[in-house]
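The structure appears below as structure tokens.
The chains referred to below are lettered A, B, ... by the order of the sequence lines, with proteins before strands, and numbering in each begins at 1. Just the heavy atoms: all of them, side chains too, but no hydrogens, waters or symmetry mates, feed the values below.
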2 protein chains.
Amino acid sequence: MPSGVDKPALQVLHCLVEHVGPFREGEHLFRAHEAFGAIFAVRGGTVKTRLIDSLGREQVLGFYLPGEMVGLNGIHPDHYPCDAVALDSVYLCRFSFRALETLAARIPGIQQQLFRLLSKDIGVASLLAGDFSADERVAAFLVSIADRFAARGFSTSALHLSMPRSDIANYLRLAAETVSRVLRRFQDQGLISVAGREVKFTAPQALRALARNVLTT
Amino acid sequence: MPSGVDKPALQVLHCLVEHVGPFREGEHLFRAHEAFGAIFAVRGGTVKTRLIDSLGREQVLGFYLPGEMVGLNGIHPDHYPCDAVALDSVYLCRFSFRALETLAARIPGIQQQLFRLLSKDIGVASLLAGDFSADERVAAFLVSIADRFAARGFSTSALHLSMPRSDIANYLRLAAETVSRVLRRFQDQGLISVAGREVKFTAPQALRALARNVLTT
DNA sequence: CGCTCCGCTTGACCTGGATCAGGGCGCTGC
DNA sequence: GCAGCGCCCTGATCCAGGTCAAGCGGAGCG
């Protein structure tokens with residue numbers, strides 16, 4: 001959990017934290033419509049959230065990297081509004097929400113932190129709502145993933161994508177073919193170098209320039 | 001404020017509520033980057049939230065009808081992330097957020113209500129993120145507005161749009177011309193009847209069918 | 001009255017990205 | 001070994017919706 005929670009609060013937190021995992025690729029942390037009971041912090045691996053609509057089509061809603069929280073958006077309707085699926089081997093901390101909520105009433109730090117996390121998710125969701133070009137979307141996706149890894153101390157010049165192209169495409173509301181073509185073109189333009197799921201940033205500034213309109217939203 | 005807050009809580013609430021308005025068409029409730037201090041409940045009129053990007057282009061983020069809350073998404077960064085502009089004559093209740101937050105720590109009802117409202121906004125934001133056709137978007141927009149008016153006891157068979165076509169189009173990430181054409185076609189198909197900003201629903205079920213994929217997300 | 005302005009509509013055309021179709025490569029299992 | 005299967009790439013075609021350009025009608029106003 002990010003800063004803003006002091007030492008004593010953290011100790012109390014330990015009482016209601018439970019280490020869970022590993023989940024294997026394809027396994028569910030929770031499913032849509034299940035009763036809402038807990039939120040999860042990713043310790044290792046990657047999680048995607050998604051929705052299956054009435055026609056059986058998948059809608060990818062988000063990716064969660066180590067250090068990030070999954071499941072917050074289940075608070076309102078009191079049940080999870082989406083599936084959460086492991087993309088590789090995933091390790092988690094499980095926070096019982098009932099206990100957390102009670103605790104939040106007494107420790108202002110936690111309450112504020114929850115408000116912050118919730119409010120932040122709204123911003124991220126609206127990130128994809130704009131009408132951006134395929135180039136802007138893909139650039140913003142790469143920059144966003146890179147920044148989030150960087151915030152956890154990982155390399156800033158290269159990254160490993162733990163999801164297939166089809167998930168990226170679905171998340172960005174593009175066709176998989178388009179993602180493929182854009183990545184190819186970025187490579188031809190010298191912005192990145194791609195080998196399967198490994199990406200190196202060769203001109204990070206130029207990539208950021210492309211992503212700017214999307215991310216400053 | 002919706003149900004879920006009991007009588008005594010409401011009385012305490014009255015201490016920190018302030019009636020403000022009227023705001024005239026085009027006036028700002030708050031602007032992006034201003035310090036976050038309060039959330040607002042619309043009593044009358046319509047508010048739009050929007051963002052002006054670095055190139056000066058407007059992005060409409062949402063519309064708020066009587067009975068709805070504006071400004072919640074300012075909690076996280078501690079300043080408002082968007083402008084809020086009156087579309088007609090707007091009357092509001094202003095809630096100081098500092099006081100509300102302190103109060104929330106003591107009265108569980110309020111805290112839960114805030115969590116619910118925040119969490120609900122996430123859902124609404126992701127409503128526009130999907131890749132839907134122009135028809136689906138326009139239908140969903142009309143149904144959504146109608147339902148929200150209906151929830152406040154207004155007519156279910158007709159409504160008045162208080163925003164220009166260009167705002168609707170911008171919000172739905174379409175061109176104004178497209179909105180115009182879709183409305184025209186809906187009318188030709190007997191789904192609605194349009195006269196300027198007045199809309200009558202002549203085949204509400206068919207319209208709902210079109211909107212279903214978008215709204216059940 | 002007639003004028004201009006602005007929101008709205010309509011038509012003609014263009015284009016970014018979806019779709020369709022095919023092919024390669026690296027798994028795993030036999 | 002090779003067959004089968006995911007995943008990924010690439011080219012050819014198509015179309016929804018954007019863009020451009022032009023009228024139209026109501027509101028404010030000299």
Side-chain angles (χ1 to χ4, degrees), chain A residues 24-26 46 48 55 57-60 85-88 128-142 160-189 192-199 210 213-214, chain B residues 24-26 46 48 55 57-60 63 85 87-88 128-142 160-189 192-199 210 213-214:
Chain A
R24 292 290 158 202
E25 180 181 346
T46 313
K48 79 168 167 183
L55 292 79
R57 293 174 308 192
E58 179 176 12
Q59 291 264 80
V60 175
V85 187
L87 286 171
D88 43 24
L128 282 201
D131 59 339
F132 302 109
S133 70
D135 285 22
E136 288 173 314
R137 281 167 198 268
V138 173
F141 175 76
L142 292 174
H160 172 80
L161 299 170
S162 36
M163 69 293 289
R165 297 281 189 275
S166 57
D167 278 349
I168 299 177
N170 187 313
Y171 174 65
L172 298 176
R173 278 55 171 152
L174 298 170
E177 293 91 330
T178 303
V179 172
S180 207
R181 281 187 255 265
V182 171
L183 288 176
R184 185 54 155 69
R185 190 152 33 74
F186 281 178
Q187 176 160 11
D188 292 349
Q189 293 168 350
I192 58 176
S193 98
V194 194
R197 298 193 179 180
E198 305 302 323
V199 179
L210 273 176
N213 286 332
V214 184
Chain B
R24 293 289 159 202
E25 182 181 345
T46 313
K48 79 169 168 185
L55 291 80
R57 293 173 307 193
E58 179 174 12
Q59 291 264 79
V60 175
F63 300 102
V85 186
L87 287 170
D88 43 23
L128 282 201
D131 60 338
F132 302 109
S133 70
D135 285 22
E136 288 173 315
R137 282 167 198 267
V138 174
F141 175 76
L142 292 173
H160 171 80
L161 299 170
S162 36
M163 68 293 287
R165 296 280 190 274
S166 56
D167 278 351
I168 300 177
N170 187 314
Y171 174 65
L172 297 176
R173 278 56 173 149
L174 298 171
E177 292 92 330
T178 303
V179 172
S180 206
R181 280 188 256 264
V182 171
L183 287 176
R184 184 55 156 69
R185 190 151 33 75
F186 281 177
Q187 176 160 11
D188 291 351
Q189 292 167 352
I192 58 177
S193 98
V194 193
R197 299 192 178 180
E198 305 302 325
V199 179
L210 273 176
N213 286 331
V214 184

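- By the neighbour-count criterion of 12 heavy atoms within 6.0 Å, atom CD of A:Gln189 is densely surrounded, having more than that number from other residues, nucleotides or ligands.
- Taking all atoms of both residues into account, the shortest heavy-atom contact from B:Phe132 to B:Asn213 is CE2-O, 3.8 Å.
- Not counting sequence neighbours, A:Glu177 has no partner by the salt bridge (charged side-chain N to carboxylate O under 4.0 Å, His left out) test.
- A:Arg165 places its CZ atom 16 Å from the P atom of C:dC25, with the value rounded to the nearest Å.
- Atom CG of B:Asn170 is separated from atom C1' of C:dG7 by 15 Å (rounded to the nearest Å).
- Toward the 5′ end of DNA chain D lies the nearest nucleotide of A:Glu177, the other residue of the pair A:Asp131 and A:Glu177 mapping further downstream.
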Trace of the salt bridge (charged side-chain N to carboxylate O under 4.0 Å, His left out) decision for A:Asp88 with A:Arg24: CA-CA 6 Å; A:Asp88 43 24; A:Arg24 292 290 158 202; over 6 Å; no
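- Counting 5' to 3', DNA chain D first comes under 4.0 angstrom of a heavy atom of chain A and last does so at the ends given by D:dC7 to D:dA12.
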Criterion side-chain contact (heavy atoms from CB on, under 4.5 Å) on A:Leu174 and A:Ile168, from CA distance to verdict: CA-CA 8 Å; A:Leu174 298 170; A:Ile168 299 177; over 6 Å; no
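- Checking side-chain atoms of A:Arg165 against main-chain N and O of A:Ser180 turns up no donor-acceptor pair under 3.5 Å.
- One can place CZ of A:Arg57 at 14 Å from P of C:dA18, the figure rounded to the nearest angstrom.
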Distances under 3.5 Å only, N/O to N/O: pair up the protein atoms with those of nucleotides 12-17 of chain C.
residue, atom, partner, partner atom, Å
C:dG17, OP1, A:Ala134, N, 2.8

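- Across A:Val60 and A:Asn170, no two heavy atoms sit closer than the pair N-OD1, 2.8 Å.
- Side-chain N/O atoms of B:Arg184 include none lying less than 4.0 angstrom from OP1 or OP2 on C:dT9.
- Distance, A:Arg137 CZ to C:dA18 C1': 14 Å, rounded to whole Å.
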CA sep, side-chain torsions, deciding dist, call: B:Val179, B:Arg137, side-chain contact (heavy atoms from CB on, under 4.5 Å): CA-CA 9 Å; B:Val179 172; B:Arg137 282 167 198 267; over 6 Å; no
